[in-house]
Amino acid sequence: MSILVKNLKHTYMRKTPFEKDALKGISLEIKKGEFVAIIGHTGSGKSTLLQHFNGLLLPTDGEICIDGERITKKNLLSIRRKVGFVFQYPEHQLFEDTVYKDIAFGLKRFKLTDEEVRERVLYASKLVGLDERLFERSVFELSGGEKRRVAVCGVLVSNPSYLILDEPASGLDSKGKRDMLALLQKLNESGVTVILVSHSMDDVAEVAGRVIVMKDGAVVLDGTPLEVFSQRDYLSSLDLDIPEVTRMFMDFADRSGLDIPVVIKKQEGVALIRQLIAEGRLLK
Amino acid sequence: MKENDKSFIIFDDVTFSYGDPENNSSEELDGTSGNSSGDSFASTFDGSSYSERPKEAVKNVSFTVDKGEFVAVIGSNGSGKSTVAKLMNGLLLPQSGTVISAGYNTANEDTIWEVRRLVGMVFQNPDNQIISTSVEEDVAFGPENIGVPRDDMIKRVDEAMKVCGVMDLRKCEPHLLSGGQKQRVSIAGILAMRPSCILLDESTAMLDPKGRKSVLETVKKLNKEEHITIVLITHHMDEIIEADKVIVMDKGSVVKTGKPSEIFSDKKLLSDLSLELPPAASVFDSVDEFDFGETVLSPSRGTEVLLNLYKRSIS
């Protein structure tokens with residue numbers, strides 16, 4: 001069970017003077033249950049790759065298989081039941097007159113009874129922490145964080161095994177962002193494969209189990225957050241940051257000459273400072 | 001306002017609510033409904049129950065912004081930040097209380113255009129505020145409209161583009177620019193109007209880190225070198241670190257005003273408003289059994305603090 005990408009190529013505006021190779025032969029496998037972050041500078045091909053995972057774009061060359069089934073023009077419906085896609089600023093796509101109708105919209109083609117629809121909506125809204133009392137409200141009365149949750153909820157009603165998200169936390173306030181990342185972790189723990197694109201290295205370090213780095217339509221690094229964020233100079237040559245905490249401790253290690261491990265999460269940073277204090281290396 | 005008064009914007013007991021028939025605000029509601037932050041739709045979630053949308057988007061707000069100051073306004077979605085920004089240059093008018101901007105009461109129709117020239121505003125979505133077919137023409141749009149003579153205008157436009165680092169893009173078509181470049185073009189357009197103050201209403205929210213950095217650097221430069229008053233409205237706690245003053249808003253009220261370090265060290269306030277410290281600050285904050293001697297705000301400062309403590313241990 002996995003998303004298998006084999007020698008995937010995508011060319012925009014083929015056979016025109018504007019022809020551009022957006023993906024140049026990508027091969028990778030994302031196993032069921034992984035939490036993957038794809039990072040890369042604007043224009044590196046992240047979103048193009050993402051849109052192949054549920055057939056929004058079809059390969060110019062190469063192939064993608066979801067749980068062994070190759071994506072073609074003919075099986076898009078069954079693929080999209082398995083692979084849910086949350087666009088960037090998904091709240092811009094809310095259009096129904098009530099929250100409930102908007103969440104349930106995606107179920108229309110599933111030929112379910114009203115009762116089954118209601119059950120699914122309730123289940124999904126519970127997952128994202130959306131209060132039932134909001135169901136009859138207009139989506140335009142909600143705060144930014146709530147709207148985002150409604151939009152994600154509208155994807156989760158289909159009960160996807162793979163959830164793809166383009167910048168799920170951007171534009172949210174601190175609480176909205178924290179709630180969104182916690183939701184994704186919870187979904188992942190319940191078995192949903194999460195694949196997201198993010199510009200925030202701090203968020204990626206906290207939640208992802210695997211980081212894929214893209215440059216000019218190719219994968220240039222693929223590993224654990226620790227492995228990837230250890231390569232500060234290389235990432236900086238791609239115009240990518242490393243997490244704030246990582247940078248802080250790396251600078252400290254460089255300038256003090258101390259041999260300390262690479263730190264990527266906040267909690268690891270806290271533990272490291274406590275350890276340094278206990279060892280008497282930090283003195284008031 | 002007196003000649004020698006250093007206050008530039010004064011809010012005196014200002015209250016404003018949307019949906020007030022007298023205020024004819026339906027247009028305003030439509031205008032902001034696509035805004036992802038949904039600031040004007042102040043529906044709040046308090047953990048257990050949804051309260052009704054408060055009547056006032058902003059209530060009894062008083063504060064001042066001094067000339068040349070760099071002021072940040074923070075608060076969660078729906079706290080009234082954007083409403084405050086729109087009250088600052090008279091896009092909205094208070095239902096009670098007064099707003100004095102650049103020395104003029106914003107409720108005075110005779111001077112409102114002068115207020116809008118002096119207090120420019122950059123919005124959140126870079127695609128919503130560029131109208132011309134080239135960067136240069138877009139920057140010239142404002143001065144053109146107020147009838148600036150051609151020679152003077154060319155000079156103003158060139159200067160503005162240079163300061164904002166978009167000179168090389170002058171002949172570019174705006175839709176080919178990145179988000180950060182578009183926002184800098186918008187700032188240049190304001191600058192060409194020779195303003196005293198620039199309001200940025202979550203202008204970095206939709207940008208990638210590089211674009212964000214370039215906009216913030218431009219804004220800081222304008223503040224330091226051109227002495228332009230800056231009001232920066234943001235969710236990003238790391239953007240407020242270098243502000244002179246931070247105004248914290250919640251549910252339509254100002255709940256605290258102070259220096260960034262005062263805001264960052266007020267744990268009760270942060271947890272009440274569920275505001276999150278930037279990662280480096282949060283690491284130091286979590287080791288609360290140790291006195292670091294200061295509130296660490298940025299990673300670079302964090303490195304210095306660690307180095308100083310380490311030097312003491314080896315000397």
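Every value quoted in this text rests on a predicted model; they were computed, and no experiment measured them. Here is how names work: the chains are called A, B, and so on, in the same order as the sequence lines, proteins then strands, and each is numbered from 1.
Between atom CD1 of residue I260(A) and atom CG of residue L306(B) there is a gap of 8.0 Å, rounded to the nearest 0.5 Å. Within the model, atoms OG1 of T303(B) and CE of M250(A) stand 11.5 Å from one another, a figure rounded to the nearest 0.5 Å. Atom CG in L309(B) sits 14.0 Å away from atom CZ in R281(A) (nearest 0.5 Å). With values rounded to the nearest 0.5 angstrom, E244(A) atom CD is found 9.5 Å from S282(B) atom OG. For the atom pair M206(B) CE and Q88(A) CD, the distance stands at 7.0 Å (nearest 0.5 Å). Taking CD from E289(B) and CD1 from I277(A), the interatomic distance works out to 6.0 Å, rounded to the nearest 0.5 Å.
Looking at every heavy atom in both residues, S313(B) comes nearest to G280(A) through CB-O, 3.3 Å. Here the shortest heavy-atom pairing between P279(B) and K266(A) reads CA-CD, 3.8 Å. Minimum interatomic distance between L283(A) and R312(B) (heavy atoms only, all atoms of both residues): O-CB, 3.6 Å. When every heavy atom of A280(B) is checked against every heavy atom of M248(A), the shortest pair comes out as CB-SD, 3.8 Å. Considering every non-hydrogen atom in both P299(B) and R247(A), the closest pair reads CG-NH2, 3.3 Å. Nearest heavy-atom pair, A205(B) versus Y89(A), reported as atom, atom and distance to 0.1 Å: O-OH, 3.5 Å.
With a threshold of 4.5 angstrom between heavy atoms, D251(A) approaches chain B through its backbone and through its side chain. Using a 4.5 Å cut-off between heavy atoms, D291(B) touches chain A through backbone and side chain atoms alike. L282(A) touches chain B through backbone and side chain together, each having a heavy atom under 4.5 Å away. With a 4.5 angstrom heavy-atom cutoff, F290(B) touches chain A only via side-chain atoms.
The environment of K284(A) atom NZ is dense: over 12 non-hydrogen atoms of other residues, nucleotides or ligands sit within 6.0 angstrom. Surrounding OH of Y234(A) are more than 12 heavy atoms belonging to other residues, nucleotides or ligands, all under 6.0 Å away. For K215(A), the NZ atom counts as loosely surrounded, since its 6.0 Å shell holds 12 or fewer non-hydrogen atoms of other residues, nucleotides or ligands. Other residues, nucleotides and ligands contribute over 12 non-hydrogen atoms within 6.0 Å of the CZ atom of F95(A).
The closest side-chain heavy-atom distance from H235(B) to K175(A) is not below 4.5 Å.
When each of L272(A), L240(A), V270(A), L276(A) is scored by its heavy-atom pairs under 4.5 Å with chain B, the top score falls to V270(A). Note: V283(B) leads D285(B), N308(B), V283(B) in heavy-atom pairs under 4.5 Å with chain A. Per-residue heavy-atom pair counts under 4.5 Å with chain B were compared for L94(A), D241(A), V245(A), and the maximum is reached by V245(A). The greatest number of non-hydrogen atom pairs below 4.5 Å with chain A, out of P209(B), S315(B), P278(B), is found for P209(B).
Looking at R178(A), its side chain never comes within 3.5 Å of a backbone N or O of E276(B) through a donor-acceptor pair. In this structure a side-chain-to-backbone donor-acceptor pair under 3.5 Å is missing from S174(A) to L275(B).
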